[in-house]
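One structure below.
Letters A, B, ... mirror the listed sequences (proteins, then strands); counts begin at 1.
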Amino acid sequence: MKPRTKMAVAVLAGSLAAASAVYLAAGIRAVRTYAQALPAHQLPKSQGGNVVVQLCDGQTTAEIPGLKPGQRMTRAQALEFSRKLMAEWQRKHPDRGWVMAQAKNPGAAQAPAGSAAGGSGKGRETIAGPGTSSAAKFKSQQGDTYASFHERDFVIWKAQTDTFVEQGNKIFHSAQLLGSTIGVSCDMCHPNAANTHPETYPKYQEQLQRVALLRDMINWCIENPVRGATLAPDDPKMRALEAYILAQRKGVPLAYGKH
Amino acid sequence: MAARHKSIETKYYEDRDCVLRALRNCDRRTFLKISAATMGAVLARGLTPPHTFQLVEIAGAATGPAIGKGFASEGAAGSRPFTFAYISDAHLYERTLNQRFVRAIVKAVDDVNALDPQPDFVLYGGDLAQLGEPSQLETGRRILSGLKARVKMMVGEHDWFLDLGEKWQQLFGPPTYSFDWKGVHVVVLQSVYEKDFWTARKMTPLERMQTVAGLDNALQSRFEVGEKQREWLKNNLAKVSHATPILVFSHSPLYKYYRPWNFWTEDAEQVQAILRPFNKVTVIHGHTHQMLFNQIGNISFYGMLSTAWPWPYAPEGLPKLTVQMNRADPFDQFDGCGDGQATVLAGGTVDKVYNLWDRNPVTVKASYLRSFGKADRPPAPQFASY
Amino acid sequence: MRVNPLVAVLFATVAIAIASDAAPEAAPPDATAPKPGVMAEPKSTHQVGFPAELYKLSIPADNPQTPAKVALGKALFFDPRLSVDNTVSCASCHDPGKGFTDQQPTSDGVHHKFGQRNAPTVLNAMFNIAQFWDGRRATLEDQARDPILNPIEMGMPNQQAVVKKLSGISEYQDKFQEVFARAPNYGDLVKAVAAYERTQIAFDAPFDRFMAGDRNALTPQQQRGWAIFNGQGRCMTCHGWNPTRPLFTDDRFHNIGVSAHNAKFVQHARQALALLKQAGGPEEIDRLAISTDISEVGRFLVTKQPHDIGAFRTMDLRNLFVTQPYFHDGSQATVWDTLDHYNKGGVQNPFLDGGIVPLGLSEQQEDDLAAFLLSLTSEQFMAQAKKEYQRQFKISRTDRPQRDTEAAIGLKGRNGPGFGGPFGDLGPGQKYMRENPALLGGD
């Protein structure tokens, strides 16, 4: 990152940091509330006590004869009833076309030839910044429910991503947030996350004597050189640290197992 | 059998306790006497007072050869070979917080004290403290006073930016000074000045210190020797013959390696220009915590190892002549760390030993640098930094 | 009476020649040398946790395993006639009944001379990347060459004398002929011994069954021990286990501070390092090694590399409770003593490996680790190991010469005099216990 850009990010980050801390806390609470308030699907009762399934439109349903609650459908049954439900939906909505996005673009499912060997990574990036030609490109897709994005969306995504990474940045640089008992933080040995090489995981890690993921090594470092308590894999701090470290290596080809 | 094992371990600590207790006692009473006497003697001879006020320096000066005798008029032919040791970048926290870094510098003191013959002096390369606090500096001073050889102190940014050098100078004297030793002119610089980045941001002294203590933030200014000190250097060298070997001790590298991490001296070119007229110049610097060496024209540069932790090599700007050390294994707190010695050869050039702990020492010869890599290349590592 | 020394030497040589030539079988082998029992039988490779890949890599191409060769090797392994006075066999120090060790701090050789190092086990020795505590021999064949000729082990004067003695024993004439199709010679002798030693593989421990999916193979305490082994104890880094190399060793050499038991260690080490800088220094170091007890500098004698000062090979932890006492000098009587040694950060010396730091383990955690280590015992040795575990457990309740709780929790020691403090360079304590230790190492 060029120094000037970095400065801007740092200033931006300063103001975002406090907000993001609130966000992280609030985020967890929000998820819990949402889980409690999740609306249950209202299904018609089956006369014979059979399982009734419903399409995601919340209206179209079908009863599976002979299948009692707790039993599993066979694959053939599942295919048969999903086709039936879709046919029913299409019958009810002859005016609305159902677009199979992947089917329209068969190349998307396959990795571009030679991608494993590296390359610049351009053309494979899915998050484009605002102000690029992406806005124009996506205009042509309007009318498409799930793939129509405004330039604003990109700004939101980027701000969220940067906030997440900045949260990791703060933890990475703070012995206190890392819970170090001896005043040691990650950046003391890894400025800009140098020599963390996240792109080389999974790999056999001598300290652990097993194949490790990046988070395993982060935890090992927290426990040993940093002298703190290890984090659960889904701890917000762990996620943020991973985000920061990976962000520092943007553009570096993946090279799992490299030593 | 158990008692025997115990007793050896205990003895080890008792011996050390005994030595340091003696030195601590000396610290309080004898020190004042010796330093007063030495100061008197020095002043009586019409010499400038020594700049390094630490105990060992002055205690040694009372019996050993006096530093500051005028060798300046002698040429290269007059310089005699000698060895000095170095310890650098200990980054001490208060000992109750972090024993690891204390343990490491104590190990370095052990190493240097075991050298036979003893080096002429020990250069301490700066960053004695991690956050410049008086307790950190005092802990370091106490440990260094366990050295048998006299100590030459240099200041680093971690010592400086809490109180802008107040405590450090109180303990060790002015950070800029020079002396002549066996025909070599030695200059010690304060090369970690920074332009004021803190006032406008309304930083507290601790925030200022913490900002400088990090490498990868863009908030701080770059290191510089500064105009005033460059002027001092010019004047200091005016009297020195161009044939006299020059040794410069500087915490920052005195060249431009990697700006984002402040592996950098903003006015490096101007300082190099002042040193250019001299035939043999060697810069020994701290700060970079890695095997690092460079040759720019007539000037050979050697970075020192840290006792506390190794820095990774910067993503760009690494001098071509530098042969990297292996990536360190964090399981071993000593790996990638160490201390070392430098041998000033008869001609006034310098071979340097990187005494890497838990690895074999590596010697980088003056002939390697001064031939621009054509001769005596050190062995390449197995695992480069990335 | 003045005797020409040369004549005296000649005389002695002839006397030995006569003694061994005359009637080797007439001098009965020492009845105290161990006899081959059920424990000495070649072991099946059908053991839980057996590393098939590693096994293949560990059989040299020029010495394939054959039943006849193994049988010959076994006979030689138990034959005290390989020693100068027919008292010491390989099995004297590597007794199958004692986990292929002698369970002594250092070993009793011919004429009751004692060496300076603890006899390591033959069990799984075939997988070692180097043999002896200092790794001075690469293979079991090369290893077997040395003790027979070592004056304080089996004491034979030279290879020729050994071959001559063997050739005088009719059963060996036949067997060597059968296996190698030639008369006995020293190279074939060590090949046969090595082939027998390669049958002594020991897996099939509760730990192996646990890793194979039997969740009840380890007690809850042993599972806690395994988590500490991987975490706060920092054991795993050097005593590393994985399914491809299921041996609890990194095959490397470390100074863990045992050398410093010897009062002169530091002095010797400095002396040796100084010699290294001189011309002819390495040879001088070898001479020193013979004339003094400089052998505590360990691996350094082999490599002459400064980083190997005081370093010894990391030992496999399997079957610990039948191979006591511990460390290269056999100085530690119980597993608890070794744990105490690590817990306090080893014995301080200027060459101590930087990975050896105080661990801050509690008594309970040490007990858990000891219990876990019992789970590394192969089924065949389990009954014996359990007894020894109980014996050591009892001792550990009252006698803990290496325990130094203050050093372990950082109240003193590590950082030199006058620098005690309430916070040490410690592990984080029991704040985090891995949920499922069985998942470790399985990927």
Between A:Asn224 and C:Arg234, does the side-chain contact (heavy atoms from CB on, under 4.5 Å) criterion hold? Intermediate values first, please.
CA-CA 9 Å; A:Asn224 285 277; C:Arg234 289 165 59 95; 2.5 Å; yes

Residues C:Thr237, A:Gln205; criterion side-chain contact (heavy atoms from CB on, under 4.5 Å); working and verdict:
CA-CA 9 Å; C:Thr237 302; A:Gln205 208 54 63; over 6 Å; no

Would C:Asp250 and A:Gln209 satisfy side-chain contact (heavy atoms from CB on, under 4.5 Å), going step by step from the backbone distance to the final call?
CA-CA 9 Å; C:Asp250 61 355; A:Gln209 292 284 356; 4.2 Å; yes

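Counting non-hydrogen atoms of other residues, nucleotides and ligands closer than 6.0 Å to CD of A:Gln71 gives a total above 12. For C:Arg245, the CZ atom is densely surrounded, since the number of other residues' heavy atoms within 6.0 Å is greater than 12. In the displayed structure, C:Ile129 atom CD1 is contacted under 6.0 Å by at most 12 heavy atoms of other residues, nucleotides or ligands.
Note that OG1 of C:Thr244 is 8.0 Å distant from OH of A:Tyr204, once rounded to the nearest 0.5 Å.
Salt-bridge formation is detected for the pair A:Glu206/C:Arg252: a Lys NZ or Arg NE/NH1/NH2 atom is positioned less than 4.0 Å from an Asp or Glu carboxylate oxygen.
Contact annotation: the side chain of A:Arg227 approaches that of C:Val357 to within less than 4.5 Å [non-hydrogen atoms, C-beta and beyond]. A:Arg210 places none of its side-chain heavy atoms less than 4.5 Å from the side chain of C:Asn242.
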